[in-house]
Amino acid sequence: MGFSDLGLSPDLLRAIEDAGYTTPTPIQEQAIPQVLMGRDVLGVAQTGTGKTAGFTLPMIEILGKGRAKARMPRSLILEPTRELAAQVAENFEKYGKYQKLNMALLIGGVSFADQEKKIDRGVDVLIATPGRLLDHFGRGKILLQDVKILVIDEADRMLDMGFIPDIERIVGVLPKIRRTLFFSATMAPEIRKLADKFLMNPKEISVAKQASTADTVAQHLVVVGSKAKREALRSLIRSENVKNAFIFCNRKRDIGTLQKSLVQHGFSAVALHGDMTQPARTETLAKFKNNEVSLLVCSDVAARGLDIQAVSHVFNFDVPSNAEDYVHRIGRTGRAGMTGRAYTIATPEDAKYVAAIENLIGKPIPRITPDDVDAEELDMSDVGGKRRRGGRSKGKPEAKTDEPKKTASAEKPAAKKAAKDKPVSEKSTREKPAREKSARTEPRPEAPRHEPIRDRRDEPKRERDRRYSRDDEPVEVTAGFGDDVPAFLLRTVKLKKSA
DNA sequence: AAAAAAT
């Protein structure tokens, strides 16, 4: 099955070919003919499935016929974040280059004037975040009664962000007769209700299991004391062949600090979060996309949908407290059939969030310790994967490694660990350079607290738990498994979807 | 508990 079988015109096929695509993804294969037939579509699709082209391609096809009147856009696409809106706009440019489609990007943080000028000239496609669209609408700058195609993208996120009232207002002024395409990564009951409200007899298309993590991403979890997170991150970055990486923080205020600290340690890093000015956001993202910088320290503004080619790693500097965000974050890597690696840095206090994530993805995330990074690779090498430190080649090693096997080995982390534990600790004490330790020798009151991350496998688990426990409350310890307690037994908190 | 989005 090729793009030419989907009913797209030659101009469009040529643009697709220029972009280097030959085969439609499953969602494209299913959605494009439906949209062309004029059917409403309810798409349940993870990011990275080619969803965006799944609606932009047929829209270009349809909009190629006919012309927009001034201030009366013919189609409307709603996106939750400015970056996503911009990304969709780029998609229209890429695929619409042989057609003369007028397009306007209505997002906040930039001047109204340019946007108004475009609207006045007449646009075929309006791509917007809800706030700015309503602003234009409220000022009477835009008329929505000629919108024939409505796309609501990332509906689950729109819901999370409280956009639904805005969306309802907007949909309320659109013509009742239109086609609507509604996409969501998940199909929670509230989302289903919304879909029922906005769609008419939709064709349901589902291409990914709900909340599944791409099996092209090798996941790992590193547990350290909260004071040692930055050090653990640096150590991970150094020991991995990081081409480029997203580094996610939970709080905006931590992002700048972490980014500066990374730069101080000689890394090439920029920051991205929603409190930055829009020009700064655009610039920082462009630098990352062009590989001018390799590390993007960011908030969840970048967690969903951002499609950046060949991202080799995702680091969660903080464990996301919303389990679904974990899936979205690590989905920034391992895209389009390539493989990627995701490392989550957790503190013992994050246990309940980790448990919720593991429950959601249906499998434990293999634990490593900072010193284990080499060992992990060693462990991987016997299933045909990763090179050792120093022995790795430049380029894109992730593209070819045999990830499914890695995932398979991850199913039984306890057994694996038991097998390798002894030699590993010997090896790591021998080989680990003094570098990381001496980097932070300034006296601190809790110095002994972060020293032990290094050797914690060598002490009794009970001791570890006590040290890492908050206050002095008694700690529950599961006995009888030595150091290798199955992850499910360590889940002390019953998982509940966050309120 | 936090981030995002209109100013």
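Numbered from 1 within each chain, the chains take letters A, B, ... in sequence-line order.
Atom CZ of A:R169 and atom C1' of B:dA6 are 11 Å apart (whole Å). Put simply, CZ on A:R157 is 17 Å from P on B:dA2, counting in whole angstrom units. Distance, A:N316 CG to B:dA3 C1': 15 Å, rounded to whole Å. One atom, CG of A:D160, and another, C1' of B:dA1, lie 14 Å apart when rounded to the nearest Å. To the nearest angstrom, P of B:dA1 lies 13 Å from CG of A:D350. One interatomic measurement links the two molecules: CD of A:E349 to C1' of B:dA1, which rounds to 15 Å at whole-angstrom precision. A:I164 has its CD1 atom 18 Å from the P atom of B:dA4, to the nearest Å.
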For residues 120-127 of chain A, run the donor-acceptor check on the side chains, cut-off 3.5 Å, and write out each pair with its distance to 0.1 Å, sequence neighbours left out.
{"from": "A:D120", "atom 1": "OD1", "to": "A:R71", "atom 2": "NE", "distance (Å)": "2.8"}
{"from": "A:D124", "atom 1": "OD1", "to": "A:R74", "atom 2": "NH1", "distance (Å)": "2.7"}
{"from": "A:D124", "atom 1": "OD2", "to": "A:N102", "atom 2": "N", "distance (Å)": "2.7"}

Indicate every side-chain donor-acceptor pair of residues 278-286 of chain A with a distance under 3.5 Å to a residue at least two apart or in another chain.
{"from": "A:Q278", "atom 1": "OE1", "to": "A:R82", "atom 2": "NH1", "distance (Å)": "3.0"}
{"from": "A:Q278", "atom 1": "OE1", "to": "A:R281", "atom 2": "NE", "distance (Å)": "3.4"}
{"from": "A:Q278", "atom 1": "NE2", "to": "A:T282", "atom 2": "OG1", "distance (Å)": "3.4"}
{"from": "A:R281", "atom 1": "NE", "to": "A:E83", "atom 2": "OE2", "distance (Å)": "2.9"}
{"from": "A:R281", "atom 1": "NH2", "to": "A:E83", "atom 2": "OE1", "distance (Å)": "2.6"}
{"from": "A:T282", "atom 1": "OG1", "to": "A:Q278", "atom 2": "O", "distance (Å)": "2.9"}
{"from": "A:E283", "atom 1": "OE2", "to": "A:K287", "atom 2": "NZ", "distance (Å)": "3.4"}
{"from": "A:T284", "atom 1": "OG1", "to": "A:A271", "atom 2": "O", "distance (Å)": "3.0"}

Please list, one pair per line, the donor and acceptor atoms closer than 3.5 Å that link side chains of residues 88-96 of chain A to other protein atoms, with sequence neighbours excluded.
{"from": "A:E90", "atom 1": "OE1", "to": "A:K289", "atom 2": "NZ", "distance (Å)": "3.3"}
{"from": "A:N91", "atom 1": "OD1", "to": "A:T56", "atom 2": "OG1", "distance (Å)": "3.2"}

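By the side-chain contact (heavy atoms from CB on, under 4.5 Å) test, A:P58 pairs with A:I32, A:V35, A:L36, sequence neighbours left out. Listed by chain and residue number, A:R230, A:L233, A:I247, A:C249, A:L262, A:V297, A:F317 satisfy the side-chain contact (heavy atoms from CB on, under 4.5 Å) test with A:L258 (two or more places apart in sequence, or in another chain).
Contacts between residues 126-142 of chain A and DNA chain B, defined by a heavy-atom separation below 4.0 Å, involve A:T129, A:G131, A:R132, A:D135, listed by number. DNA chain B is contacted by A:G108, A:G109 of residues 108-122 of chain A, taking any non-hydrogen atom closer than 4.0 Å.
Remark: A:R253 is not in phosphate contact with B:dA1, judged by side-chain N or O atoms under 4.0 Å from OP1 or OP2. Contact annotation: A:S299 side-chain N/O to B:dA2 OP1/OP2 distance is not under 4.0 Å. Contact between the side-chain N/O atoms of A:R82 and the OP1/OP2 oxygens of B:dA6 is found at a separation under 4.0 Å.
Interatomic distance, OG1 of A:T333 versus CG of A:N244, reported as 8.0 Å (0.5 Å rounding). Rounding to the nearest 0.5 Å places CD1 of A:I170 at 9.0 Å from CG of A:L150.
Screening residues 235-254 of chain A for ring-ring contact (aromatic ring centres under 6.0 Å, His included) gives A:F246-A:F248, A:F246-A:F288 as the qualifying pairs, with residues at least two apart or on separate chains. Listed by first and then second residue, the ring-ring contact (aromatic ring centres under 6.0 Å, His included) pairs that reach into residues 170-197 of chain A are A:F55-A:F183, sequence neighbours excluded.
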